[in-house]
Protein chains: 4
Amino acid sequence: MPSPAPSPRRAGRPRSAEADVAIMDATREALVEVGWSKLTVGHVAARAGVAKTTLYRRWANKGELVVHAVAALFDELELPDCGSLQADIESVILAFAGLLQQPGTNASLMAVVAESTNDPALREHIREAIVQRQKRLVLQGRQRAQRRGELPPDAADPEEDARLVDLVFDVIAGAVVHRTLVSAEPVDTEWARRFTTLILQGLPAAASL
Amino acid sequence: MPSPAPSPRRAGRPRSAEADVAIMDATREALVEVGWSKLTVGHVAARAGVAKTTLYRRWANKGELVVHAVAALFDELELPDCGSLQADIESVILAFAGLLQQPGTNASLMAVVAESTNDPALREHIREAIVQRQKRLVLQGRQRAQRRGELPPDAADPEEDARLVDLVFDVIAGAVVHRTLVSAEPVDTEWARRFTTLILQGLPAAASL
Amino acid sequence: MPSPAPSPRRAGRPRSAEADVAIMDATREALVEVGWSKLTVGHVAARAGVAKTTLYRRWANKGELVVHAVAALFDELELPDCGSLQADIESVILAFAGLLQQPGTNASLMAVVAESTNDPALREHIREAIVQRQKRLVLQGRQRAQRRGELPPDAADPEEDARLVDLVFDVIAGAVVHRTLVSAEPVDTEWARRFTTLILQGLPAAASL
Amino acid sequence: MPSPAPSPRRAGRPRSAEADVAIMDATREALVEVGWSKLTVGHVAARAGVAKTTLYRRWANKGELVVHAVAALFDELELPDCGSLQADIESVILAFAGLLQQPGTNASLMAVVAESTNDPALREHIREAIVQRQKRLVLQGRQRAQRRGELPPDAADPEEDARLVDLVFDVIAGAVVHRTLVSAEPVDTEWARRFTTLILQGLPAAASL
DNA sequence: GACTAACCGAGACGGTACGTCCTGTCTTTGA
DNA sequence: TCAAAGACAGGACGTACCGTCTCGGTTAGTC
């Protein structure tokens, strides 16, 4: 999914795929090295060996470019089957935290989210590109745990069901992000185990409300 | 605490107190209207009816100005005694969420945090001005619950103890922030009750690790 | 002479003659409407309903395109036989001024000349395409006047002769251009008569130096 | 007359007079070296050791900057008293041509005039700054010659009188410009003498119409 | 009737300059 | 000494053209 492609089949010279990857790479590298606020479009273009124009032809402004680059990072997140729900959750927590602790990612993510609070289009973009993509991990983990018999089947009321999924999602993602970015403390295996225990032990009571 | 005061007693014309409040007000209003990234110092100064110089005389740069303005908002947070730990937590969650849902606050907070990821000084500034101020709420709530007998006394190992406090802090603050800013869903009483239940039920198990 | 033709006989599809005229028309129209400096190749191409490539296949750059378009305008200048030298000159002055007063022509001519002052190739191009073409009018007028006995035969020294022709040419062309473009005053029959009188009365003395 | 000054007495830091002269100098030098069309505002600013902003604060765009710089060149033109009308005219012709032959001036003048053909405001600016300033030379020369008895006193009809002055002005300025910029031939003393003779001998006849 | 060279439109490409905007500093006059 | 005003150096922004370069798709003229 290289860039907001002009789709079907167009006349004229097609957009360079090489430029696409060079730009994304350069953006991520620059993000890591100088951070969002000091990242300049000109710098990215130069580093990618590409004209600024080429960049602006694909993304309307610096914001969109960075969102795109950041979103791609979250594609890496996977939910490996570790044999138990507790282990699965701990593993994804560590993977998520690992991502956030990469120097570029956290700044970028925060910046992009911050930007989105005053830009509804960007907000929607983020929801689709990042949030929803992560939420599927929660769903996938639950399905697996249900097959293992660790969790009861879906609640009768689908709305009620969605509320529970959202709760778990917000708690996990929120706590990891907060610890990493705000408290600026490391997320290690011990913290992950303790946190996972808290959730799994508290969940049945929360579900039964 | 109007501005980083020029220490004890100085010669010459004293700083205008009116300017102080005009600047803070203008900053917050601008933050609400245009968001962090489009907020400019010149714009704030003009809106406050003040010269840019006056502004820079009080804060070193845009970041400090905004942190200052945002931090003040968090002073309002109090932990009223509602009679039970569950009620206390629910109440502070709702108060915190109420703060975040004010249009200006969320954008500002995120922006300032985002900026901080590449600026250690700003990061420390935030920790002192915002994070630590909130963490005392957790400590205060625990003390009160311990007096009521709802929670066991402090753990023997103070480090172990601190880890638990931090965990609870990250979980609460993180979940509320994430739901509000990232998921963009409302934090209502029902969600607060369910979330509080999850924490309180999970906490003993997490503490015993 | 539609465009700098691709020489004698080429294989492949021949260039479109329609494109040629569409481009020239569009160029002249654009010149009138927006002037040289705001005229863009892309705009001309679009107006002509032609691809930019088609345009660049015929002219090396914007300059050549415009020179070509402008030069063609000067082909119209003729020296009708009005019976006397004075009448001949007045008539060509009025024709020349008429050309310059057309809104597109003056801007174009000036612009092209201006451009040429830093581009020797363009300068030579203009000399051939515009200046020399006009100078033949002076020569033709003199020949005719000599046949009528109004002027003495060519001077013995051909160099001396050329100096006189050049002088007359510069005086006539210069004065008309200056009045039209710089002073921005109209060239009417009265001015033409007075100016012609000045030249014809002054010429013998200038020739005898 | 350094720049379109904000006049009377203003609050705030005054504009730098040094910047004014540095910019003008840099502009003229750049004009000489690279010509109008390749002159860039950024280049001028850099050469003047000044920020681009400083430049744009004084002139709205590249055009105005250059007009201003060029106009100043024409302030140098003076009409020395050489004892006779013929000598006076020859001397001013040579001075004027000398100015035009400076590599930067001609290109600049032409470019500015060309630009003006599509910009009425610029046109008026030029008339005031350049044309009228030169026309006073013609008036001054005539006065002097009248005092010497070389020319008759002003015509009875002031309009008639103005027409004659304009004619002489257009003929002199036009011929010199045309020879220099279009014909690209040198204006030397011999040409100046011959041309001056033509005018002075032709003038009485033109005046008596 | 197929081949083929040169054309055509469309539009992306690397560049360069534009003129605007904002930052944080400096320099005035005036209180 | 501070305040208001506003100029200053610097630097990024996003836009507009330039002249070049693919693309897929036409036309002639030649085999």
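Numbers restart at 1 for each chain; the letters A, B, ... are given by sequence-line order, proteins then strands.
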Of the listed nucleotides ([options]), which one gets closest to any side-chain atom of [X]?
| X | options | value |
| --- | --- | --- |
| B:Arg58 | F:dG19, F:dA3, E:dC26 | F:dA3 |
| D:Arg13 | E:dG19, F:dC8, E:dC22 | F:dC8 |
| A:Arg15 | E:dA12, E:dT23, F:dT15 | E:dA12 |
| D:Arg57 | E:dG24, F:dA3, F:dA7 | F:dA7 |
| C:Ala19 | E:dC13, E:dG19, E:dC8 | E:dC8 |
| C:Lys52 | E:dA12, E:dT16, E:dG24 | E:dA12 |
| B:Ala51 | F:dA4, F:dA7, F:dC13 | F:dA4 |

DNA chain E: 5'-proximal contact among D:Leu39 and B:Gly63 (nearest heavy atom):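 The residue mapped nearer the 5' terminus is D:Leu39.
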Toward the 5' end of DNA chain E, by each residue's nearest nucleotide, A:Val50 or B:Thr40: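 On the 5' side of the pair lies A:Val50.
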Touch class at under 4.0 angstrom, heavy-atom based, for A:Thr53 against every strand present: base
Sugar-phosphate only, base, or nothing, as touched by D:Lys62 at under 4.0 Å among non-hydrogen atoms: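 Result for D:Lys62 = sugar-phosphate.
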Mind calculating the distance between [atom1] ([X]) and [atom2] ([N]) to the nearest angstrom?
| X | N | atom1 | atom2 | result |
| --- | --- | --- | --- | --- |
| D:Arg47 | E:dA17 | CZ | C1' | 17 Å |
| A:Tyr56 | E:dA12 | OH | P | 17 Å |
| A:Glu18 | F:dC21 | CD | C1' | 14 Å |
| B:Asp20 | F:dC2 | CG | P | 13 Å |
| C:Asn61 | F:dT20 | CG | P | 9 Å |
| C:Leu55 | F:dC17 | CG | P | 15 Å |

Distance (rounded to the nearest 0.5 Å) between B:Lys62 NZ and B:Tyr56 OH: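 So the gap between those two atoms works out to 9.0 Å.
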Separation of D:Arg58 CZ from D:Ile23 CD1 (nearest 0.5 Å): 5.0 Å
Residues D:Glu33 and D:Arg47 bridged, charged N to O under 4.0 Å: yes
N-O pairing of D:Arg15 and D:Asp20 below 4.0 Å: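 D:Asp20 and D:Arg15: not salt-bridged.
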A:Arg57 side chain near A:Thr54 side chain, heavy-atom distance below 4.5 Å: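 SC-SC contact between A:Arg57 and A:Thr54 confirmed.
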Pairwise 5' ranking along DNA chain F for A:His43 and D:Thr54, keeping only the more 5' one: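 Of the two residues, D:Thr54 wins.
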